[in-house]
Amino acid sequence: MKTRIISGVLYAALVIAVLFLMNTPALALFVALASAVGVYEMNNIVKADLSVMIPSIAVAAFIPINVEYELLDKINIQPLTALSFYVIAMLIIMVVRHNKNKFEQVAVSIFSSLAIPEALSCWIRLHDVQYDFDGKYNASHAIYLILFAFFCAWLTDTFAYFSGVAFGKHKMTPVISPKKTWEGAVGGVLLTAAANIALYFIFKAKFFTSPFTDWEWYTIIPISIIISIISIFGDLSASVIKRNFGVKDYGWIIPGHGGVMDRFDSMVFVLPTMYAIVCIINAF
């Protein structure tokens with residue numbers, strides 16, 4: 001327990017440091033590193049060969065850098081062209097080293113190397129809303145949206161745990177995650193919504209440098225509930241994958257917690273959902 005607490009505090013401190021350094025290359029580098037490690041962990045649990053593991057990790061690290069600096073655009077390469085080349089190259093590797101690579105291993109390598117970094121890169125996209133959408137958002141709005149997403153991912157799980165301990169009676173998914181209860185899930189979702197309302201009023205009173213016209217406190221409730229529910233499904237999806245491959249944790253890089261994917265499983269669902277909601281609201 002001591003190791004888990006210490007590593008959890010250090011992990012939280014690292015994320016907070018990145019939040020303070022979001023206007024520097026630190027954000028893209030952190031997301032690239034997290035993506036690369038996460039893809040390594042996915043390759044590792046399916047026992048993928050190095051011939052597909054290495055290029056998939058390289059692509060995972062490249063995507064957040066490309067999102068931040070638009071490298072492909074600068075050399076006039078369309079993302080679909082690059083994607084096609086990557087998939088074809090991976091399938092050629094599968095054929096050349098068919099004795100080492102099964103299709104399902106290559107499929108996991110390709111999928112994880114695209115899905116994980118694209119999802120985590122929505123942290124960068126949320127930060128960049130201050131430069132997009134015709135100046136509708138500023139830096140204070142971007143920070144609020146990012147914290148909102150992190151609250152939905154982290155607090156939902158934390159509040160669900162304590163609500164489950166206090167009131168949990170009915171198992172939610174006894175086969176996938178035996179400790180989760182319906183009472184815990186409801187408590188986690190509602191308490192996170194309350195925390196997000198408090199976060200809104202704190203930012204409105206102290207940090208917003210201009211009115212946040214698209215959102216009011218009462219719109220936060222349904223948005224928070226939706227994202228918190230999706231966060232729970234992200235956590236459960238990660239548990240299903242681990243059970244399918246017979247592993248307890250994705251990795252070991254965070255002592256007492258597991259790997260990057262054990263900590264960022266919900267974020268892979270939450271960040272793109274949050275960014276999609278921002279885009280939908282802006283469209284109307």
Side-chain angles (χ1 to χ4, degrees), residues 3-4 6-15 18 26-67 86-87 89-90 93-94 97 100-124 149-150 153-154 157 176-177 179-180 230-273:
T3 300
R4 182 179 176 86
I6 293 173
S7 60
V9 170
L10 292 175
Y11 161 71
L14 176 60
V15 173
V18 174
L27 176 56
L29 291 174
F30 178 78
V31 175
L33 178 61
S35 298
V37 175
V39 170
Y40 165 77
E41 292 170 352
M42 293 297 296
N43 275 280
N44 193 48
I45 67 170
V46 301
K47 297 179 172 57
D49 185 63
L50 284 175
S51 59
V52 295
M53 182 184 293
I54 291 173
S56 67
I57 292 173
V59 167
F62 172 77
I63 288 175
I65 303 298
N66 182 65
V67 169
Y86 169 55
V87 173
M90 291 287 276
I93 292 172
M94 180 186 70
R97 292 182 61 85
K100 296 288 186 179
N101 294 308
K102 295 180 180 179
F103 173 72
E104 55 266 32
Q105 293 170 318
V106 177
V108 169
S109 293
I110 294 173
F111 175 78
S112 62
S113 66
L114 298 174
I116 293 172
E118 281 291 346
L120 295 183
S121 291
C122 286
W123 184 352
I124 300 172
F150 272 80
W154 290 351
D157 185 54
I176 299 173
S177 186
K179 294 182 179 180
K180 292 189 184 302
I230 288 174
S231 174
I232 292 172
F233 276 99
D235 185 40
L236 291 174
S237 297
S239 296
V240 169
I241 293 171
K242 287 189 287 187
R243 285 188 174 275
N244 285 345
F245 291 99
V247 297
K248 181 179 181 293
D249 296 314
Y250 281 101
W252 45 264
I253 197 170
I254 308 174
H257 293 265
V260 165
M261 289 305 297
D262 291 291
R263 290 295 88 202
F264 279 89
D265 49 4
S266 296
M267 298 303 296
V268 171
F269 279 58
V270 165
L271 286 170
T273 303

Between F269 and I232, does a side-chain contact (heavy atoms from CB on, under 4.5 Å) hold up when you go through it step by step? CA-CA 9 Å; F269 279 58; I232 292 172; over 6 Å; no
Heavy-atom nearest pair, Y86 first then S113, reads OH-OG, 2.6 Å
Heavy-atom nearest pair, A149 first then L271, reads CB-CD2, 4.1 Å
Residues 100-110 vs salt bridge (Lys or Arg N to Asp or Glu O under 4.0 Å), sequence neighbours excluded, gives none
Hits for side chain to side chain contact (heavy atoms under 4.5 Å, CB included) against F245, two or more places apart or cross-chain, chain-then-number order -> I45, V46, I241
Applying salt bridge (Lys or Arg N to Asp or Glu O under 4.0 Å) to R243 and not counting sequence neighbours gives none
For V39 and P117, the nearest pair of non-hydrogen atoms, with its separation, is CG2-CD, 4.4 Å
For D157, the side-chain hydrogen bond (donor to acceptor under 3.5 Å, both in side chains) test, sequence neighbours excluded, returns none
Interatomic distance, CH2@W154 vs CE@M267, rounded to 0.5 Å, equals 7.0 Å
For residues 244-255, the salt bridge (Lys or Arg N to Asp or Glu O under 4.0 Å) pairs (sequence neighbours left out) are none
Could you pull out all donor-acceptor pairs under 3.5 Å where a side-chain atom in residues 57-66 meets a protein atom, sequence neighbours excluded?
residue	atom	partner	partner atom	Å
N66	OD1	L71	N	3.0
N66	OD1	L72	N	2.9

Closest non-hydrogen contact found for S231 with V270 is CB-CG2, 3.5 Å
Test side-chain contact (heavy atoms from CB on, under 4.5 Å) applied to M94 and V52, step by step: CA-CA 8 Å; M94 180 186 70; V52 295; 5.7 Å; no
Smallest heavy-atom separation, V260 atom then V37 atom, equals CG2-CG1, 3.5 Å
Taking C-beta and beyond as the side chain, do F111 and M42 meet within less than 4.5 Å on heavy atoms? no
Next item on the list: Evaluate the side-chain proximity of D265 to Y250: yes if any heavy-atom separation is below 4.5 Å, no if none is.
Entry: no
Here the salt bridge (Lys or Arg N to Asp or Glu O under 4.0 Å) pairs for residues 113-122, sequence neighbours left out, are E118-R125
Hits for side-chain hydrogen bond (donor to acceptor under 3.5 Å, both in side chains) against S51, two or more places apart or cross-chain, chain-then-number order -> D49, R97, N101
Across all chains, not counting sequence neighbours, the ring-ring contact (aromatic ring centres under 6.0 Å, His included) partners of F30 are W123
dist D235:CG -> S266:OG (nearest 0.5 Å) comes out at 4.5 Å
The side chain to side chain contact (heavy atoms under 4.5 Å, CB included) partners of A26 (sequence neighbours excluded) come to L21, T24
For residues 37-47, the side-chain hydrogen bond (donor to acceptor under 3.5 Å, both in side chains) pairs (sequence neighbours left out) are N43-S56, N43-S109
Scanning both residues in full, the closest heavy-atom pair of M90 with P55 reads SD-CG, 3.8 Å
Residues 53-64 vs salt bridge (Lys or Arg N to Asp or Glu O under 4.0 Å), sequence neighbours excluded, gives none
